[in-house]
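Encoded as structure tokens, the structure appears first; notes follow it.
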Amino acid sequence: MTRLALHGGQPTRLKPFPQWPVFDTDEETEILKVLRSGRWTIGSEKIAEFENAFAAFQQARYGVACSSGSSALLISLKALNVGPGDEVIVPSYTFLATATSVIDSGAKPVFADIDPDTYTVDVRRLEGLITDRTKCVIPVHLGGCPADMDALNNLARRNGLSVLEDAAQAHGAEWRGRRVGAIGDIGAFSFYASKNMTAGEGGFITTNDAELADVARSISNVGRDLKAGWYEHVRYGWNFRMTAFQAAILLSQLRRLPQHMKRREDSARYLDSQLSKIDGVKPLRRPEEVTRHAYHLYIFRINPESFGLDNKEEFVKALKAEGIPCSSGYRPVYSYPFISSRAAGEPVHNINTERAAYHEAVWLPQYVLLAGKEDLDDVVAAIEKIREGG
Ligand SMILES: *Cc1c(COP(=O)(O)O)cnc(C)c1O
């Protein structure tokens, strides 16, 4: 079989990158234990064990497992009492669920722009978006890079807002030595198939606030109070529970995470140094306060013109044809009409978000960073080849 690169000739790379998800006999053993126990959902000690282990890993006092990152966001908003009449500030460069969770809580999203060098929310511009309806802000630790949590907590304190961390891409990430998820009031994680640890699906809520944790647990379990009877529902809730099979897989995924994190950080530093040498390529800035970066994505910025290309889609197409898994990433969340029609205020155009989405951002998925140095050299060589016109 021959495959041609876009500019002709052999692609730089024909070998596949490491496959994701990674698993071994540890997952097999854990999942069989659950199967044979006959306790497959709530009440299984596996779920409690995983809740304790993951909350401790994120340095949070409390943890509640749930069905997805999207439901973790929605449960968190409801636990924070966000609802109709409220506004919630979210970055416009994020996954759709950051905004849909706000809409489904009954509140309205307000779209903040990102910092052009880190792609996390630009806290300096948040003050101007706060109204007397603003109840909460959702920083997204995009690609595994924590947002400026000092500035966010400060702003929230001064304006009486709550902070919900969207940590769906940031397992194990740290801001000045503190793990994300409970630096703000509450945090939401995802264990979807693409995420840095996964059970196919799954989510998690972290907090240091005992009452928020209790309410979140209750909302995720059809509004029950576990101290009362099974049919003693005490509030409005839904079934957002995680199964014991997911908890079992996640326990072994968590054991493997630290070694994966180290590998990704080493790879990212290597790519940073190599890609900065190429004209027209600029890796994102990693703030000093980020003592651990989860690198769910490795994001770099390109100037298509300096590659002799009309736009970044051509670059992404060419890089894929060279055998490098990559994507062009998000569109601005407000570019979807069914989102913008449900947002607060006038339509917005956030310039840094639009530049990232339409002109400069290129994403490599996290599993590329699990590869070896020679494999990363293929990434660099492919980009250099596109630069030279194939
Ligand atoms: C994946 C993701 C979510 C949603 O998680 P699901 O488990 O897919 O529902 C939310 N926010 C961000 C930033 C994500 O990357």
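For ligands, and for the atoms within them, numbers begin at 1 and follow the listed sequence.
- The pair Asp266-Arg269 does not meet the salt-bridge criterion, since no charged nitrogen lies less than 4.0 angstrom from a carboxylate oxygen.
- Below 3.5 Å of separation, one finds an N or O of Gly69 facing an N or O of ligand 1.
- For Asp166, a nitrogen or oxygen atom sits less than 3.5 Å from a nitrogen or oxygen atom of ligand 1, counting backbone and side chain alike.
- A cation-pi arrangement is present between Arg387 and Phe307, with the terminal nitrogen or guanidinium carbon under 6.0 Å from the aromatic centre and inside a 45° cone about the axis.
- In this structure, Arg179 satisfies the cation-pi test against Phe57, with its NZ or CZ atom closer than 6.0 Å to the six-membered ring centre and inside 45 degrees of the ring normal.
- If you take CD1 on Ile47 and CZ on Phe245, they are separated by 10.0 Å, rounding to the nearest 0.5 Å.
- Both the sub-6.0 Å distance and the 45° axial angle are satisfied by Arg13 relative to the ring of Phe17.
- Of the inter-residue distances, the one linking Phe111 atom CZ with Thr353 atom OG1 reads 10.0 Å to the nearest 0.5 angstrom.
- The shell of residues lying under 4.0 angstrom from ligand 1, judged by heavy atoms, includes Lys195.
- Below 3.5 Å of separation, one finds no N or O of Thr94 facing any N or O of ligand 1.
- Near Ser68, with a cut-off below 4.0 Å to any heavy atom, the atoms of ligand 1 are 7 (O), 9 (O).
- Atoms of ligand 1 found under 4.0 Å from any heavy atom of Tyr192, numbered from 1 in the order shown, are 7 (O), 8 (O).
- Proximity of Ala168 to ligand 1, defined as any heavy-atom pair under 4.0 Å, is confined to the side chain (atoms from C-beta onward).
- Phe95 CD2, 3.5 Å is the protein heavy atom nearest to atom 3 (C) of ligand 1.
- The residue among Ser190, Ser194, Gly203, Ala170 with a heavy atom at the shortest distance from atom 7 (O) of ligand 1 is Ser190.
- For the pair Asp378 and Lys15, the salt-bridge criterion is not met [side-chain N within less than 4.0 Å of a carboxylate O].
- Here Glu201 has no heavy atoms under 4.0 Å from ligand 1, in either its backbone or its side chain.
- Residue contact check: Ser70 has heavy atoms under 4.0 Å from atoms 4 (C), 5 (O), 6 (P), 9 (O) of ligand 1.
- Closest approach of Leu152 to Pro139, counting heavy atoms only: CD1-CB, 3.4 Å.
- For atom 15 (O) of ligand 1, the closest heavy atom belonging to the protein is Gln169 NE2, 2.8 Å.
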